[in-house]
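Order of appearance sets the numbers: ligands from 1, and atoms from 1 within every ligand.
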Amino acid sequence: MHWHILGAGAIGLLWAAKLRTAGHQVTLILRTQDKLSQYNETGRFSITHDDTIQWFDTQAQLADCDDPIDYLLITTKSFAVADAFASVKQRISAGTKVLLLHNGMGPQQQLRDEHPELEIWAGSTTDGAYFDQPFSLIRAGIGETHIGRLSDSDNDCLFQELQGVDHQLRYAADIETVLWRKLAINCAINPLTALFNCRNGELLKYDDRRAAMAQICKEVDEVTSALGISLFDRKLMEEAWDVAELTGNNHSSMQQDVCHNRPTEIETITGYLCRIADQAGIATPANRLVLEAVRGLSGE
Ligand SMILES: NC(=O)C1=CN([C@@H]2O[C@H](COP(=O)(O)OP(=O)(O)OC[C@H]3O[C@@H](n4cnc5c(N)ncnc54)[C@H](OP(=O)(O)O)[C@@H]3O)[C@@H](O)[C@H]2O)C=CC1
Ligand SMILES: CC(C)(CO)C(=O)C(=O)O
């Protein structure tokens, strides 16, 4: 298969490496001519894991090339999906398979609704990776990735085609629920770590932070139960507590985005939850408060 990767950041390059290793052809679609020129100085990127470095030669191009796209992996941040997809739309045909792998919800459903002719897949991952230099990736942790088809949940063809690419890849017959579970955890942890400017584990150490987290979780539980979504076998607060403890030393992605003055994914995490709650007529004051506060922090 020939995969085009739109969003050649940490997760995009991690997947480029997985696909190349499994023998697939990969083309990176970069956003600017400057970035393309910088990449083409070597035409390769590296991944370091456990002190071992591996290099991957991969072709790269801009969105306005005209070769058709058969398999498209979108790994931008959630807020960039719509613009990124629009930039390659002319290269997409009815047979194109699209896999979106990002945190948050909304962009996946929007793409599915606007393009019923496409086979749209979505995924959620607990992999971890970051850059120490441009195109030099550090693999921080090996996680699981769940993917499933958004429009037709019985079809697992793309998953079958991706067998062998990642041993930690799992098929999700109900990918919407998987996305909701990740969203719920992100609602519980990300905004508060950004607002308190703390590591995930430091949310559990203070009464006020724990109380805020509990209130956020209670509201998310109310919204998801009203929608008939089964999150976890126990209350979200208990699940989120364990995740915050397990990832105690980590800085959440939102805390890092705020610290580095980058746009955050708040609109597709807490923002999405609040929009769905409004449609269902459910009040979510704690989530709305942190939504406004993070918008204020990041100047959004
Ligand atoms: N990194 C991680 O460990 C994990 C990340 N995730 C999630 O995965 C998603 C991706 O995260 P991550 O890889 O870290 O993010 P990065 O910021 O590293 O990568 C995003 C990439 O998308 C590119 N991009 C943005 N807009 C466009 C466009 N219009 N055309 C082409 N490329 C574009 C950016 O390019 P440019 O640099 O030029 O702006 C950047 O290279 C997020 O939703 C994140 O929350 C989930 C689990 C773990
Ligand atoms: C689970 C958590 C909170 C881990 O840091 C995460 O997904 C993120 O930082 O975005």
Side-chain angles (χ1 to χ4, degrees), residues 4-16 27-39 45 47 60-65 72-89 99-108 122-132 134-146 179 181-194 198-203 213 239-260 262-270 272:
H4 284 78
I5 300 189
L6 186 57
I11 294 296
L13 291 190
L14 195 55
W15 268 76
T27 301
L28 307 176
I29 301 177
L30 302 181
R31 199 162 57 91
T32 61
Q33 182 57 53
D34 278 355
K35 198 139 190 200
L36 181 61
S37 304
Q38 188 187 16
Y39 181 77
F45 64 91
I47 299 191
Q61 60 180 209
L62 293 176
D64 62 6
C65 276
L72 179 65
L73 174 61
I74 304 184
T75 46
T76 63
K77 292 284 187 92
S78 52
F79 51 77
V81 168
D83 284 351
F85 183 79
S87 73
V88 296
K89 207 172 147 204
L99 170 60
L100 297 120
L101 207 49
H102 60 76
N103 280 351
M105 287 180 77
Q108 308 95 326
S124 173
T125 186
T126 54
D127 265 335
Y130 62 90
F131 289 102
D132 63 346
F135 303 112
S136 165
L137 198 64
I138 307 293
R139 187 158 194 190
I142 297 180
E144 280 189 352
T145 302
H146 291 81
L179 298 179
R181 287 182 184 145
K182 183 72 190 280
L183 183 106
I185 296 291
N186 286 142
C187 283
I189 296 176
N190 293 28
L192 290 176
T193 52
C198 69
R199 290 172 194 264
N200 295 353
E202 288 164 351
L203 287 181
M213 192 169 153
E239 190 77 23
W241 182 294
D242 283 357
V243 174
E245 208 160 47
L246 271 171
T247 61
N249 271 332
N250 290 12
H251 291 282
S252 79
S253 51
M254 198 172 286
Q255 191 271 348
Q256 292 183 54
D257 286 338
V258 168
C259 266
H260 293 100
R262 298 186 297 241
T264 72
E265 297 187 294
I266 192 73
E267 299 300 335
T268 57
I269 296 178
T270 309
Y272 183 80

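- Contacts between Ala63 and ligand 1 below 4.0 angstrom, taking non-hydrogen atoms only, are absent altogether.
- Close contacts of ligand 2 with Lys182, meaning ligand atoms under 4.0 Å from a residue heavy atom, involve 7 (O).
- In this structure, Phe135 and Tyr39 have perpendicular ring planes: the angle between them is above 60°, well past the 30° mark.
- Using a 4.0 Å cut-off to heavy atoms of Ser253, the atoms of ligand 2 that qualify are 8 (C), 9 (O), 10 (O).
- Here the protein heavy atom with the shortest distance to atom 34 (C) of ligand 1 is Arg31 NE, 4.6 Å.
- If you check which protein heavy atom lies closest to atom 5 (C) of ligand 1, you get Ile11 CG1, 3.4 Å.
- Considering Thr75, Ile11, Thr76, Val81 as possible partners of His102, the one that fulfils the side-chain contact (heavy atoms from CB on, under 4.5 Å) test is Val81.
- Considering each of Thr75, Thr268, Leu36, the one bringing a non-hydrogen atom nearest atom 10 (C) of ligand 1 is Thr75.
- From the protein, the heavy atom lying nearest to atom 1 (N) of ligand 1 is Ala129 O, 3.0 Å.
- For atom 5 (O) of ligand 2, the nearest non-hydrogen atom from the set Thr247, Leu203, Asn200, Ile269 comes from Asn200.
- Applying the 4.0 Å criterion to heavy atoms of Ser252 picks out, from ligand 2, the atoms 5 (O), 9 (O).
- Summarising the contacts of atom 3 (C) of ligand 2 with Val243, Asn250, Asn190, the nearest heavy atom is found in Asn190.
- Of all the heavy atoms of Ala80, the ones lying under 4.0 Å from any atom of ligand 1 belong exclusively to the side chain.
- Heavy atoms of Gln255 come nearer than 4.0 angstrom to ligand 2 in no pair at all.
- Contact annotation: for Thr126 versus ligand 2, there are no heavy atoms closer than 4.0 Å.
- The shortest contact between atom 14 (O) of ligand 1 and any protein heavy atom is with Ala10 CB, 3.7 Å.
- Among the atoms of Asp83, none of the N or O lies under 3.5 angstrom from an N or O of ligand 1.
- Close N/O approach between Asn103 and ligand 1 is found [any backbone or side-chain N/O within under 3.5 Å].
- The shortest contact between atom 15 (O) of ligand 1 and any protein heavy atom is with Lys77 CE, 3.5 Å.
- Judged by the shortest distance from any of its heavy atoms, Ser87 lies outside the 4.0 Å radius around the atoms of ligand 1.
- Nearest protein heavy-atom neighbour of atom 23 (C) of ligand 1: Gly7 CA, 3.7 Å.
- Arg181 CZ to His146 NE2: the interatomic distance, rounded to the nearest 0.5 Å, is 9.0 Å.
- Among protein heavy atoms, the minimum distance from atom 42 (C) of ligand 1 is reached at Glu265 OE2, 3.4 Å.
- At least one side-chain heavy atom of Glu265 sits under 4.5 Å from a side-chain heavy atom of Phe79.
- Side-chain contact between Asn103 and Ser78 is absent, with no heavy atoms from C-beta onward closer than 4.5 Å.
- Of the N or O atoms in Asn186, one or more lie within a sub-3.5 Å distance of an N or O in ligand 2.
- In terms of protein heavy-atom proximity, atom 24 (N) of ligand 1 is nearest to Thr76 CG2, 3.7 Å.
- Contact annotation for Thr126 and ligand 1: no heavy atom of the residue comes within less than 4.0 Å of the ligand.
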